Peer 1: 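Sharing a structure here in structure tokens format.
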Amino acid sequence: MVDLKNFLLLLMFFFLFHSETLYAQHLPIGAEAAGLGHTTVTLKGRMSVFGNAAGLSTVRNKEILAGYDSRYGFLEGLSTISAAYLHPFNKATLALSLSRFGDDLFSQHKLSLSYGHQIDHFSIGMRVSQHQYHMEGTDTRFATVVDMGGIAQILPKLSFGMSISNLNQAVVSHETGEKIPTVLSTGFCFRPDEKLQTLMEVSYALEERPLLKAGIAYQAVKNLTFRSGANTSRTGQFFLGLGLAHSIVEVDYALETHNVLGISQQLNVTYKIRKNAKD
């Protein structure tokens, strides 16, 4: 007999992932990205380890990142934990990341190797990920996914980004048709000055309707950044974020609202192993 927790979890999956398969779905990761409504295709820096890998090329410090995502607050099965290590080279950064979503009833593990490289005013990035899916009572399944992206600085204050996730169109099961979405994203980032940035993005998953996203970040004082965003997804409509920076430690927090399911929260802590003297 299914207990109340498992029943509620399955019901939640139905509301969140109304599609052909649970295996095809994954939730966005990263408090900085969440604070901006998950407008990530032109977002540069450490959060590119979970977004457009081209943005990793701007990372200048060895960093360790840890994060926790609590979805709607009352079910452990909808939380995500994540960690990453970022290692910069000359005009390039290599990153290793790991995330786990779910619990014993349903879980998704993802191990990724990401690389971002800058060439003049253009950055390119690639990610190879191993996905592992497990649902109680079924076999564990695996899929290897390749993502690629680029960011171009087309004007001093304007950049343009594109990315494609699951470029190789990997599937979880050919027998059942369970698949991982192939998502195309494109957008712009406008920075009128060093304190303010605005982002706009359109994402399109094959066989789904386009998703519109927008985000804004404002650095109120040197070590404090406020963020806000919105998108047209089913899992969240309005987002707020806060970033606190120290010379070696940075903390990012985001709050996401859903008109039916309530509030989600995300927290990321970043430790800079080596602080660049130029920063």
Side-chain angles (χ1 to χ4, degrees), residues 26-36 38-40 42-71 76 79-101 108-118 123 125-130 147 149 151 194-195 197 199 215 217-227 229 239-256 264-279:
H26 59 280
L27 295 173
I29 295 175
E32 182 180 353
L36 296 167
H38 300 295
T39 314
T40 61
T42 55
L43 189 62
K44 299 178 181 179
R46 67 181 66 89
M47 280 297 102
S48 299
V49 73
F50 302 117
N52 184 354
L56 287 171
S57 62
T58 63
V59 174
R60 295 293 178 261
N61 303 285
K62 296 178 183 178
E63 299 180 357
I64 296 175
L65 184 152
Y68 181 74
D69 172 4
S70 175
R71 290 273 160 177
E76 295 180 1
S79 63
T80 301
I81 56 174
S82 59
Y85 171 68
L86 288 71
H87 191 103
F89 300 93
N90 184 25
K91 296 185 178 181
T93 300
L94 189 68
L96 181 67
S97 61
L98 175 67
S99 64
R100 181 186 188 274
F101 165 75
Q108 173 188 338
H109 292 78
K110 181 179 177 181
L111 177 65
S112 302
L113 184 65
S114 306
Y115 179 77
H117 185 79
Q118 185 173 349
S123 299
M126 181 178 181
R127 177 181 300 108
V128 179
S129 304
Q130 180 68 28
D147 305 334
I151 300 175
E194 290 299 319
K195 294 185 176 182
Q197 68 171 333
L199 306 99
Y218 177 67
Q219 187 178 8
V221 294
K222 182 179 179 180
N223 298 322
L224 178 63
T225 301
F226 294 99
R227 306 182 182 103
F239 306 79
L240 291 172
L242 182 68
L244 298 173
H246 185 267
S247 59
I248 60 172
V249 177
E250 296 191 18
V251 178
D252 295 292
Y253 170 79
L255 183 147
E256 173 183 342
S264 299
Q265 300 181 77
Q266 294 196 35
L267 179 69
N268 282 104
V269 179
T270 302
Y271 173 68
K272 298 181 180 181
I273 299 175
R274 176 180 57 83
K275 186 73 174 67
N276 193 319
K278 296 181 180 180
D279 291 344

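Computed from a predicted structure; not experimentally measured. Values below: every heavy atom of this structure, side chains too, minus hydrogens, waters and symmetry copies. The chain is numbered in sequence order, starting from 1.
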Peer 1: Apply the test side chain to side chain contact (heavy atoms under 4.5 Å, CB included) to residues Arg227 and Asp252: give CA-CA distance (whole Å), side-chain angles for both, the deciding distance (0.1 Å), then the verdict.
Peer 2: CA-CA 10 Å; Arg227 306 182 182 103; Asp252 295 292; 3.0 Å; yes
Peer 1: For Tyr218 and Lys195, what are the C-alpha separation, side-chain angles and deciding distance, and is it a side chain to side chain contact (heavy atoms under 4.5 Å, CB included)?
Peer 2: CA-CA 6 Å; Tyr218 177 67; Lys195 294 185 176 182; 4.2 Å; yes
Peer 1: Check Ala254 against Ala31 and note the closest heavy-atom contact, atom names and distance.
Peer 2: CB-O, 3.3 Å
Peer 1: Where do Ser114 and Ala53 come nearest, in terms of heavy atoms and distance?
Peer 2: CB-CB, 4.3 Å
Peer 1: Between CD of Glu32 and CG of Leu65, what distance do you get to the nearest 0.5 Å?
Peer 2: 9.5 Å
Peer 1: Are Lys44 and Leu56 side-chain neighbours, meaning at least one heavy-atom pair lies under 4.5 Å?
Peer 2: no
Peer 1: So Val249 and Val269, do their side chains get closer than 4.5 Å, heavy atoms only?
Peer 2: yes
Peer 1: Starting at CD of Glu250, measure out to CG of Asn61 and round the result to the nearest 0.5 Å.
Peer 2: 9.0 Å
Peer 1: Do Ser99 and Ser82 get their side chains close enough for a donor-acceptor pair, meaning under 3.5 Å?
Peer 2: no
Peer 1: Can you check whether Glu194 reaches Gln219 side chain to side chain, under 4.5 Å on heavy atoms?
Peer 2: no
Peer 1: With Arg100 as reference, evaluate Gln108, Lys110, His109 under the side-chain contact (heavy atoms from CB on, under 4.5 Å) test and give the passing residue.
Peer 2: His109
Peer 1: Measure the shortest side-chain to side-chain distance between Tyr115 and Leu113 over non-hydrogen atoms and say whether it is less than 4.5 angstrom.
Peer 2: no
Peer 1: So, does Ser48 use its side chain to make a donor-acceptor pair with the main chain of Ala54 at under 3.5 Å?
Peer 2: no
Peer 1: Does the side chain of Thr40 come within less than 4.5 Å of Asn52's, by heavy atoms?
Peer 2: no
Peer 1: Starting at OG of Ser97, measure out to CZ of Arg127 and round the result to the nearest 0.5 Å.
Peer 2: 6.5 Å
Peer 1: Could you check whether any side-chain heavy atom of Val251 comes within less than 4.5 Å of a side-chain heavy atom of Leu267, counting everything from C-beta outward?
Peer 2: yes
Peer 1: Indicate yes or no: at least one non-hydrogen side-chain atom of Leu242 is less than 4.5 angstrom from one of Thr225.
Peer 2: no
Peer 1: When rounded to the nearest 0.5 angstrom, what is the spacing between CG in Leu199 and OG1 in Thr39?
Peer 2: 6.0 Å
Peer 1: List the atom pairs, donor and acceptor, that lie under 3.5 Å between side-chain atoms in residues 83-92 and the rest of the protein, sequence neighbours left out.
Peer 2:
from  : atom 1 : to    : atom 2 : distance (Å)
Tyr85 : OH     : His87 : ND1    : 2.8

Peer 1: Atom CD1 in Ile151, atom CD in Gln118: separation rounded to 0.5 Å?
Peer 2: 10.0 Å
Peer 1: Any non-hydrogen side-chain atom of Met126 less than 4.5 Å from a side-chain atom of Val128?
Peer 2: yes
Peer 1: Just do the side chain to side chain contact (heavy atoms under 4.5 Å, CB included) check on Asn223 and Leu244 with the steps written out, would you?
Peer 2: CA-CA 6 Å; Asn223 298 322; Leu244 298 173; over 6 Å; no
Peer 1: Quick check for you: to the nearest 0.5 Å, what is the distance between Ser129 atom OG and Leu111 atom CG?
Peer 2: 8.0 Å
Peer 1: Report the C-alpha distance between Gln265 and Tyr253 in whole Å, list the side-chain angles of each, state the deciding distance to 0.1 Å, and finish with yes or no for side chain to side chain contact (heavy atoms under 4.5 Å, CB included).
Peer 2: CA-CA 7 Å; Gln265 300 181 77; Tyr253 170 79; 2.6 Å; yes
